[in-house]
Every structure is written in C-alpha cells, then in structure tokens.
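So the structure is just underneath, and the comments pick up after that.
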Amino acid sequence: MRPSWDEYFMLIAKLVSTRSTCNSRPTGAVLVQDRQILATGYNGSMPGAPHCTDQVMPDGSPYCHRRALSIADADKYNFCRASHAEANAIAQAARHGVAIKGASLYVTLEPCYVCIKLLATAQIDKVFFELAYDSKDAARDAHWRREAVQEAGFSVYQQLVISPDTLQHVVPALAASTSRRRLISA
C-alpha cells in the first residue's frame, strides 16, 4: 500500500503546510525534480515579522492582518502578511542556489494568479494541487485561471487528491513509531 510518487510528494506538501502561520489558508508546497525534493515552502510572514497565528482579533477570533485592516478581497494580496507557499519554495531554492527549471510543484491549494505567473517565470513544468481554489466570483476566476494556465505553458496542471486507501495506510504511520520491526526476529 505504498503511496504513488505523486501522492508521496503531496503528502509531504500537506506536512509542510503544518508550519504555516496563516490563519486563513495554511498551505504547503514542494518542488520536485527526478523524484528528488528541491525545496519546500509554506505560507507565512517574512522572517522576523509577526505571525498571524500568534495574534487574535479583538473579538477573540483568529487574527488575519488584512481582515484587521478591513481590506477588500480585491486587494487581499497587497495587504496579506504571508508570502504564498509557492513563492517561499521558489525563494528557498534561490537562497540555496538550487535550479528549479523543469521541476514539478506539489501544493495543497491551487495557485493564485500571482503564483501562476511566478511559477511560469521560474519555468516550472508540472503543477499538482490538492484543493481547487474557490472564490466569491468563481465564474470570473475560472476564466482567468484557464487563460493564465494556458499562457503559463505547464505540461501538467491538475488536481491531485490522495486516495482513501493511501490515507488509511499513511495516517496510522504518522501516529506510531514508524521504524518498529515488521518481522519478528529469528
């Protein structure tokens, strides 16, 4: 019951998302080439900046910087404290001098328009996402997303959901010690 390679990398992206400091949409990303992880990223504040997960709104609800400033959805990317997971994975690769041209991206949320442009500029070849991006204007967003994805030239751009069988196999392994003997010693 081993996960497929695609499921394996998506599972890692899901684990990476647990480091997110965004209360709105914790997201994780993994850049892969030739079945090797090149870089990971999760959405969160700049190094040294306050994290939304460390604060609460005046009413006691989870803090969101742009919501605290009453910024409209149309301008949300300009006032969000967090850099997106895809951008952070690309930045991590750049910091360490890791070439990512032709790599595949596994990400837990479908990339936004800004990230699609960034991925295309970095010449990412394949994009696999777990959750389709939903918005308040789904029809308009579907149109620009199709157009942007086509212009980006990805060879693959598709939703990838981990199978229930794989989850049934993997989840118990995360809760238990994973390196215990499977076979009884002779």
Between [X] and [Y]: side-chain donor-acceptor atoms closer than 3.5 Å:
{"X": "Ser17", "Y": "Ser20", "value": "no"}
{"X": "Tyr157", "Y": "Gln150", "value": "no"}
{"X": "Tyr42", "Y": "Asn88", "value": "no"}

In one Ile/Leu/Val/Met/Phe/Trp/Tyr side-chain cluster, 4.5 Å: [X], [Y]:
{"X": "Leu160", "Y": "Leu119", "result": "no"}
{"X": "Val98", "Y": "Ile37", "result": "no"}
{"X": "Ile162", "Y": "Val127", "result": "no"}
{"X": "Phe128", "Y": "Leu31", "result": "no"}
{"X": "Met10", "Y": "Val170", "result": "yes"}

From [atom1] ([X]) to [atom2] ([Y]), nearest 0.5 Å:
{"X": "Arg66", "Y": "Cys52", "atom1": "CZ", "atom2": "SG", "value": "10.5 Å"}
{"X": "Ser83", "Y": "Leu118", "atom1": "OG", "atom2": "CG", "value": "10.5 Å"}
{"X": "Asn43", "Y": "Leu109", "atom1": "CG", "atom2": "CG", "value": "8.5 Å"}
{"X": "Phe129", "Y": "Thr27", "atom1": "CZ", "atom2": "OG1", "value": "13.0 Å"}
{"X": "Arg25", "Y": "Cys112", "atom1": "CZ", "atom2": "SG", "value": "10.5 Å"}
{"X": "Asp6", "Y": "Ser163", "atom1": "CG", "atom2": "OG", "value": "12.0 Å"}

Mark yes when over 12 heavy atoms from residues, nucleotides or ligands other than Tyr133 sit less than 6.0 Å from its OH; otherwise mark no. yes
Evaluate whether atom CZ of Arg19 has more than 12 neighbouring non-hydrogen atoms of other residues, nucleotides or ligands under 6.0 angstrom away. no
Candidates Leu15, Leu105, Thr40, Leu38 - the one meeting side-chain contact (heavy atoms from CB on, under 4.5 Å) with Val30: Thr40
In short, ring-ring contact (aromatic ring centres under 6.0 Å, His included) pairs touching residues 81-105 with sequence neighbours left out are Tyr77-His84
Mind running side-chain contact (heavy atoms from CB on, under 4.5 Å) on Ile12 and Tyr106 for me, showing each step along the way? CA-CA 9 Å; Ile12 293 170; Tyr106 294 83; over 6 Å; no
Would you find a donor on one side and an acceptor on the other, under 3.5 Å apart, between the side chain of Thr108 and the backbone of Glu130? no
For Gln159 and Glu110, indicate whether the former's side chain and the latter's backbone hold a donor-acceptor pair under 3.5 Å. no
Side chains of Lys126 and Val32: closer than 4.5 Å at any heavy-atom pair? no
His169 versus Glu7: any side-chain heavy-atom pair under 4.5 Å? no
For [X] and [Y], work out which heavy atoms get closest and say how close.
{"X": "Ala122", "Y": "Ile90", "result": "CB-CD1, 4.1 Å"}
{"X": "Ser24", "Y": "Arg67", "result": "OG-NH1, 3.6 Å"}
{"X": "Ser45", "Y": "Thr21", "result": "N-OG1, 3.4 Å"}
{"X": "Ala93", "Y": "Ile100", "result": "CB-CG2, 3.6 Å"}

Asp59: side chain to side chain contact (heavy atoms under 4.5 Å, CB included) partners, not counting sequence neighbours: Met57, Ser61
Would you call the rings of Tyr8 and Trp5 parallel, tilted or perpendicular, where under 30° means parallel and over 60° means perpendicular? perpendicular
